Amino acid sequence: MHPKPKLFHGKFILVNIFPGHKHPLRPFSSDNTSLPIVTELISKQHWKSLKTHLQNASPITLLQQLLDSRVDPCLTLRYFNWSEKEFNLSHSLEHSCMLIHSLANAKRYPKMRSFLYSFVKNENSISVSSIFHAISVSGDSFCASSIIADMLVLAYVNNMKSHLAFEAFKRAGDYGFKLSAVSCNPLLSALVKEDKIEDVEYVYKEMIRRRIEVNAISFNTVINGLCKVGKLNKASDVIQDMKAWGVLPDVITYNTLISGYCKKGRIGKMYKADAILKEMIANEVRPNEITYNILIDGFCKDENLMAAMKVFREMETQGLKPTVVTYNSLINKLGLEGKLDEASGMLDDMVGSGLKPNVVTYNVLINGYCKKGKMKEATDLFDDVVKQGISPTVVTYNTLIYAYCKDGRMEDAFALRESMVDKGTFPDVTTYNCLISGLCREGNITAVRKLINEMLNKGLKVDVVTYNILVDALCNDGESRKAARLLDEMVKMSLRPNHVTYNTLMDGYCREGNLRAALNVRTRMEKEGMRANVATYNVLIKGLCKKGKLEDANGLLNEMLEEGLIPNRMTYEIVKVEMVDKGFVPDIEGHMYNISGS
DNA sequence: ATAGGGTTAG
């Protein structure tokens, strides 16, 4: 047997002789005559015998010899894993890379995947750049290096280390290693989930530049990411890209875009969503149940239950059966409108048509009862659900806990928290936020502090909502200046204040009569790239009215309409009470004159 | 590896 050329022999022997190692550096054997015996022992997993055979020789030297020999890399892998565990050591990065290269050359792909998965899982100290360096110097096959890099990216994604996956993606470009959609698509998907839209766009552009295979899933994922952050025009551009690339938009592409429009809070969004539906039909892409579910939920969220019901009926004429999700959207809307009889009638219809309600169905119905203050009905339904053998989720508990808090029944709220823990459902940030808001309403700051410490001790992190609750509590105490300091604290905790944060603070200043400060908050918000929304205008319009500046308030009202924002019930209420009832006739166009309706 | 429903803050 001719030993393979030992390209890195000298170098790696030196690397592995690190000081303080408990094993003497004596080689396992002066010649390789016993290697066949050793491989036999490894293949039969006679670890005890192997250990006796090894005696005091270095397990690292044996690894080196196995890597240098022509032994089946799977045996070397088996020895690698055993020796790490047995001697409580970590083999060097270079040896790991040599092993992965030999597995790659033997096309042992599943073994490579699991090796890289556990490597990435356990390894927190080695930088991505040194891993890439080691990959490139530990093997001579460029193709193998590309496959390894590809699997490494995927291993990072699967270990929820998308930041490192992204870095590995960039390094792979530096080395010219060719990645595939198998790793890049999951990377895109992970980045979308984390709202890292700049990184999504970077990966997408690089995939095209590096001529990585871009398929429908890649395009759809990017479109979804852009829709999620409201960049709908860019999303449409990507559809053009995909056509140019010879990939036709499919039902998922259109559904993603329709959903994007449904969630955007601008004038005519449902009109636009409907236009895309027509476009997809024109392009001979058949809408499916999900398309209809998106539209139905969109209309419900747009306060247009009539239109939602119309689409619901149209769905049947298209030969598509409503699903549990369809019913859940409608039951949710009916419940929130307080139409609880209709909501439970809908539940009966759903069961009648052979569909089995799930926990979401019950959550929305329970929420409907809670929002109407019918706690008895809500808890009865909860008991019913449990009796049916459906496990309540953390959302079910949070719904009830919040209702108790809002009702001032803090003991009941805390008791339900105890009970959920007993049943093995653990409180999350939302549970704590509900309790914190209840305690703030009671003015029990000591208890709030205690709860926040408790959640931190449990490894839960406070979020934007937690801060918003505290900002509101301070503003209600006439302490808007202190509330403003919380914004700085948030930023230090790398939490981004959102519209609610700014609007709450503006409202606090307005109620203190400090309009100048409120307007400064708006400026600060816009500097952060966040445009005023309907609620922002409502707060400021009300603030101006309270100061008697009806002309200025009317100016803001017009500005809001020009921005394409839809006035809501609150807007009408403010305009009616603060302007119309005081004899001021708003000088605006269209539906704003119709003050009586909502 | 891509699309749809449920809880909290103003």
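What you see is a predicted model, and the numbers here were worked out from it, not measured in a lab.
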Q: Using only heavy-atom distances, determine whether the side chains of A:S183 and A:D150 contain a donor-acceptor pair under 3.5 Å.
A: yes
(Q) Can you identify which nucleotide, out of B:dA9, B:dA3, B:dA1, has its nearest atom closest to the A:Y402 side chain? (A) B:dA9
Q) Without hydrogens or angle criteria, can the side chains of A:S329 and A:N332 be said to hold a donor-acceptor pair below 3.5 Å? A) no
Q) Can A:N398 and A:N433 be counted as having a side-chain donor-acceptor contact under 3.5 angstrom? A) no
Q) Checking all strands, does A:D463 fall into the base, sugar-phosphate, or nothing category for heavy-atom contacts under 4.0 angstrom? A) nothing
Q) To the nearest Å, how far apart are A:R441 CZ and B:dT8 C1'? A) 11 Å
(Q) Does B:dA3 have OP1 or OP2 under 4.0 Å away from a side-chain N or O of A:N224? (A) yes
Q. Would you say B:dA9 has OP1 or OP2 under 4.0 Å from some side-chain N or O of A:N433?
A. no
Q. Any idea which of B:dT7, B:dA3, B:dG10 is nearest the A:T399 side chain?
A. B:dT7
**Q.** Base B:dA1 paired with A:N220 side chain (donor-acceptor, <3.5 Å)
**A.** no
Q) Roughly, in whole Å, what's the span from CG in A:L226 to C1' in B:dT2? A) 13 Å
Q.
What contact category does A:K542 fall into here, base, sugar-phosphate, or nothing, at under 4.0 angstrom with non-hydrogen atoms?
A. nothing
(Q) Nearest to the A:N367 side chain among B:dA1, B:dT7, B:dA3, which nucleotide is it? (A) B:dT7
Q. Out of B:dA1, B:dT7, B:dG10, which has the shortest distance to the side chain of A:V395?
A. B:dT7
Q | Polar side chain donor-acceptor pair, A:N288 to A:N255, under 3.5 angstrom | A | yes
Q: Could you tell me the separation between the NZ atom of A:K310 and the CZ atom of A:F299, rounded to the nearest 0.5 Å?
A: 8.0 Å
Q. Which one, B:dG10, B:dT8, B:dA3, comes nearest to the side chain of A:A535?
A. B:dG10
Q | Side chain of A:C434 - closest among B:dT7, B:dA9, B:dT8 | A | B:dT8
Q: Counting heavy atoms from C-beta on, name the nucleotide in B:dT8, B:dA3, B:dG10 closest to the side chain of A:K371.
A: B:dT8
Q) How would you label the contact of A:S437 with the nucleic acid (heavy atoms, under 4.0 Å): base, sugar-phosphate, or nothing? A) nothing
Q: Answer with base, sugar-phosphate or nothing: what part of the nucleic acid does A:V539 contact at a heavy-atom distance below 4.0 Å?
A: nothing
Q.
I need the CD1-P distance between A:I401 and B:dA9, as an integer number of Å.
A. 14 Å
Q. Looking across every strand, which nucleic acid part, if any, lies under 4.0 Å from A:T326 by heavy atom: base, sugar-phosphate, or nothing?
A. nothing
Q | Strand contacts (DNA chain B) in residues 500-515 of chain A, 4.0 angstrom heavy-atom criterion | A | A:V500, A:N503, A:T504, A:D507
Q | Interatomic distance, A:Y404 OH vs B:dT7 P [rounded to whole Å] | A | 18 Å
Q: Select base, sugar-phosphate, or nothing to describe what A:D250 touches, counting heavy atoms under 4.0 Å on all strands.
A: nothing
Q: Determine, step by step, whether A:F382 and A:Y397 satisfy the ring pair (Phe, Tyr, Trp, His ring centres under 6.0 Å) criterion, reporting the C-alpha distance in whole Å, the side-chain angles of both residues, the deciding distance to 0.1 Å, and the verdict.
A: CA-CA 9 Å; A:F382 175 85; A:Y397 287 106; 5.6 Å; yes
(Q) Whether the A:T396 and A:T393 side chains hold a donor-acceptor pair (N or O, under 3.5 Å, no angle test) is what I'd like checked. (A) yes
Q.
Under 4.0 Å, heavy atoms only, any strand: does A:N215 hit a base, just the sugar-phosphate, or nothing?
A. base
(Q) Regarding A:E454 and A:K450, does a basic nitrogen lie under 4.0 Å from an acidic carboxylate oxygen? (A) no
Q.
Let's see if you can work this out: which of B:dG10, B:dT2, B:dA3 has an atom nearest to the side-chain heavy atoms of A:I217?
A. B:dT2
Q: Have a look at A:D428 and say if it touches a base, only the backbone sugar-phosphate, or nothing, with a 4.0 Å heavy-atom cut-off.
A: nothing
Q. In whole angstrom, what separates A:I239's CD1 from B:dT2's C1'?
A. 13 Å
Q. Tell me: CG of A:L435 to C1' of B:dT7, nearest whole Å?
A. 12 Å
(Q) In whole Å, I'd like the distance from the CG atom of A:L474 to the P atom of B:dA9. (A) 17 Å
Q | d(CD1, A:I294; C1', B:dA3) in whole Å | A | 5 Å
Q. Any side-chain donor-acceptor pair under 3.5 Å between A:N520 and A:Y509?
A. no
Q: Scan A:T323 against the nucleic acid and name what it touches under 4.0 Å (heavy atoms): base, sugar-phosphate only, or nothing.
A: base
